[in-house]
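Before any comments, here is the structure.
In what follows, every chain begins at residue 1, and chains take the letters A, B, ... in the order their sequences are listed.
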Amino acid sequence: MLDIKVLRENPDAARSGAIKKHMPDRAEAVDRALAFDAELRALIPRLDAMRSEQKAGGKVLGKLNPEERVVFLAKQKQLKAELSVLEGEEKLLKEKLAEQLGLVPNIPDPEVPDGKDDSQNTEVRRVGEVRVFDFPVRAHYDIGEAQGWIDFARAADMAGSRNYMLFGDLVLLQDAILRFAVDLLVERGFVPIDPPLLVRDAAMFGTGFFPGGEEQTYRCEKDGLNLIGTSEVPVTSLHAGEILAEKDLPKKYVARSACFRREAGTYGKDTRGLYRVHQFHKVEQVIVDINDKERSLEHHESIVQNAEDLLQACDLPYRVVNVCGGDLGVPQAMKYDIETWMPSRESFSETHSASRFYDYQARRLNLRYRPEKGKPLFCHTLNNTVAASPRILIPLLENHQNADGTVNVPERLRPFLGGREVLGKPVF
RNA sequence: GGAGAGGUGGCAGAGUGGCCGAAUGCACCGCCUUGCUAAGGCGACGUACCUUCACGGGUACCGGGGGUUCGAAUCCCCCCCUCUCCGCCA
């Protein structure tokens, strides 16, 4: 969430930020939050004074004679009754303020382009050559089904639409790319994590997915737990409520986990193939560091670079885009997407998403550190995909396919596949 | 799932109704003393909010929430977490 002080001093920045994100209802939360804040600030000094009187009164009690006691106790009871009314108001106001403040989105940075959806994201750079095929190019699902690597029909039968089953070499290729992703980040000093997949609401709220993301989240109501849509949730929440030592920062983590998304409201969109599915695996990088904008910007570039290095190592052409306001989530201040070339879609399509939040998530998570001098400050957090599968299998299969339906393995992935250079048999 | 024990400041640990935002030890920081693998003395040392130009003052917080009471770290209820034993189990 934003600092209430930012809202007091510059409410317009918060309002226009929400507008830039095409969230007009949340822009209104700014004024509702400020109204509750004003009421609360009027109330608190009164409450403090009354509590002070009550406390002082209690200490006098022992010195009084019986008659004085009776009078005094009556007075104290009166005070208590008044206090409990005001304390009720205080509690209610605090809840209402927290609710509205939780709705106010992070303010997008100035370089975030205006726009309502991903069609208005702006290209930052394009890397790699898009391959020109001298044979009819096939989609990953055609290759996969012909090779016996993918079964959509039976998966849908047992688990519903947007499900899939992988078999054989494709399972091994998936493991190869995910393991390569983990190794790459571990080499760069990231600590590998295997996090919980089911988390409490506090973690969903703290990372900014709740409120708002409930419809996209599978929930185990019986236990009050939520299946994570990304390991960003448990990993960024790791140090929630803590005050870290500055010398221990930055914290750099790389998590591999299964991820689950309901994909509500996407009916009819990306229905074919492995692009949009309910369940996938993702290697995610998360950084927690000091409250310093320059450092956040440096980290942001570096985590994008990590992902680009993976794509380059896999000989995949891609582009980096600056995500526009309307395509930005609630908690992000700025986001780069990496889109990898997918021949079947004849487009660069999103495979990575690199976000910076400044202290927005840290405030919600109460995640702080103690600087060398002075009071604890909220940390900055960032995250980015390293590899998400099966989506990343789409460009791997399609860009590296041969005319006979076999698929070449990028050199850097071969060590993870026992040195094999080609997967599959001739099927076309 | 059943039975029991416990959650207090960075850590350890005392505190069972007012004298407690909280002893003591360790750690950390500042000053001083003495010097051989470091010791001793003194001081400071939680977080948030309100208030003050400032010094300072006030309020809240002892896992979370609610209750009893003039007054709760302390008593009662619910929840969460940790540990031990039993059961079950990949």
Side-chain angles (χ1 to χ4, degrees), chain A residues 1-9 33-102 194-206 210 219-226 234 237-249 251 257-258 288 290-291 359 362-379:
Chain A
M1 65 187 98
L2 295 177
D3 190 345
I4 184 70
K5 287 174 193 151
V6 168
L7 262 61
R8 285 178 200 147
E9 285 158 21
L34 283 171
F36 292 132
D37 180 53
E39 277 190 67
L40 199 55
R41 280 158 65 85
L43 183 61
I44 283 176
R46 280 176 66 200
L47 262 176
D48 282 357
M50 287 171 72
R51 285 186 180 128
S52 180
E53 189 186 340
Q54 185 192 41
K55 253 180 136 169
K59 291 183 181 171
V60 174
L61 194 65
K63 298 171 188 156
L64 301 178
N65 64 43
E67 299 91 78
E68 289 172 325
R69 265 182 92 94
V70 174
V71 177
F72 191 78
L73 280 181
K75 198 185 108 205
Q76 287 290 90
K77 281 196 179 179
Q78 172 66 26
L79 186 60
K80 186 196 176 186
E82 289 169 24
L83 249 176
S84 78
V85 172
L86 290 185
E87 280 177 340
E89 278 180 42
E90 182 196 27
K91 183 168 171 281
L92 197 63
L93 280 172
K94 279 187 171 165
E95 281 167 8
K96 287 174 164 177
L97 172 59
E99 186 186 349
Q100 294 307 320
L101 197 54
D194 183 1
L197 307 181
L198 284 161
V199 298
R200 290 220 173 85
D201 290 344
M204 298 299 290
F205 176 83
F210 287 178
R219 181 168 173 85
C220 304
E221 195 55 60
K222 198 172 172 186
D223 298 292
L225 295 172
N226 308 285
S237 300
L238 176 61
H239 299 292
E242 297 182 25
I243 301 177
L244 302 169
E246 180 167 2
K247 67 174 168 52
D248 294 332
L249 297 175
K251 296 272 189 192
S257 83
V288 177
I290 59 170
N291 195 302
D359 61 7
R363 274 179 193 285
R364 290 173 159 247
L365 290 164
N366 195 23
L367 165 53
R368 291 174 294 175
Y369 71 101
R370 199 178 296 281
E372 297 292 338
K373 288 234 156 73
K375 301 217 159 210
L377 298 172
F378 288 103
C379 294

Are A/R370 and A/D248 within salt-bridge range, i.e. N to O under 4.0 Å?
no
Check every atom of B/G71, B/G58, B/A48 against the side chain of A/Q54 and return the nucleotide holding the closest atom.
B/G71
Assign each of A/K80 and A/K5 to its nearest nucleotide of RNA chain B by heavy atoms, then name whichever residue's nucleotide is nearer the 5' end.
A/K5
Say you pick atom P in B/A60 and the same atom in B/U74; how far apart are they, in whole Å?
14 Å
Does the distance from a Lys or Arg side-chain N to an Asp or Glu carboxylate O, for A/K251 and A/E242, drop under 4.0 Å?
no
Using a cut-off of 6.0 Å, state whether more than 12 heavy atoms not belonging to A/R8 lie near its atom CZ.
yes
Measuring from A/K94:NZ to A/L101:CG, what's the distance to the nearest 0.5 Å?
13.5 Å
As its Watson-Crick or G-U partner within any shown strand, both distances under 3.5 Å, B/A5 has B/U82
When we call it a touch if two heavy atoms are under 4.0 Å apart, what does A/K94 touch: a base, just sugar-phosphate, or nothing?
nothing
Among the nucleotides B/A48, B/U59, B/C70, which one has an atom lying closest to any side-chain atom of A/R51?
B/U59
Counting only Watson-Crick or G-U wobble pairs whose two distances fall under 3.5 Å, which nucleotide matches B/A39?
B/U33
Distance (rounded to the nearest 0.5 Å) between A/I44 CD1 and A/L47 CG
7.5 Å
So, does A/R370 get its side chain near the phosphate of B/C28, meaning an N or O under 4.0 Å from OP1 or OP2?
no
Determine the Euclidean distance between corresponding C1' atoms of B/G57 and B/C62; express it in Å to zero decimal places.
24 Å
Pairing partner (Watson-Crick or G-U wobble, both distances under 3.5 angstrom) of B/C89
none
Starting at CG of A/D3 and ending at P of B/A48, how long is that distance when rounded to a whole Å?
12 Å
Could you give the distance separating B/U24 and B/C81 at their C1' atoms, to the nearest angstrom?
27 Å
Looking only at atom C1', what distance separates B/G46 and B/U37, rounded to whole Å?
35 Å
Roughly how far apart, to the nearest Å, are B/G9 and B/G4 at atom C1'?
29 Å
Taking a pair as Watson-Crick or G-U wobble with both distances under 3.5 Å, which nucleotide is matched to B/C53?
none
Please report the distance, rounded to the nearest Å, between CD in A/E246 and C1' in B/C28.
15 Å
Which nucleotide, in any strand shown, forms a Watson-Crick or G-U wobble pair with B/A27, with both distances under 3.5 Å?
none
Of all the choices, B/U47, B/G58, B/C70, which nucleotide is nearest to the side chain of A/D48 once you look at every atom?
B/G58
Both A/E95 and A/R200 contact RNA chain B. Taking the nearest nucleotide for each, which residue is further toward the 5' end?
A/E95
What is the pairing partner of B/G71, taking Watson-Crick or G-U wobble pairs with both distances under 3.5 Å in any strand?
none
Give none if B/A60 has no partner; otherwise give the nucleotide forming a Watson-Crick or G-U wobble pair with it, both distances under 3.5 Å.
B/U47
What nucleotide, of B/C50, B/C80, B/G71, holds the atom closest to the side chain of A/R41?
B/C50
Between B/G67 (P) and A/L83 (CG): distance, integer Å
14 Å
Given the C1' atoms of B/C26 and B/A39, what is the spacing between them in whole Å?
16 Å
Among B/C70, B/C50, B/U59, which nucleotide has an atom closest to any side-chain atom of A/K55?
B/U59
Distance check: side-chain N/O of A/K91 vs OP1/OP2 of B/G66, anything under 4.0 Å?
yes
Using the C1' atom as the reference point in each nucleotide, state the distance between B/A73 and B/U16 in Å, no decimals.
10 Å
Flag the pair A/L43 / A/L93 as yes when at least one side-chain heavy-atom distance between them is below 4.5 Å, and no otherwise.
yes
P spacing across the pair B/G21 / B/G63, given as an integer number of angstrom
16 Å
If you measure from the Lys or Arg side-chain nitrogens to the Asp or Glu carboxylate oxygens, is any gap between A/E87 and A/K91 under 4.0 Å?
no
Would you indicate, yes or no, if B/G58 has its OP1 or OP2 atom less than 4.0 angstrom from a side-chain nitrogen or oxygen of A/S52?
no
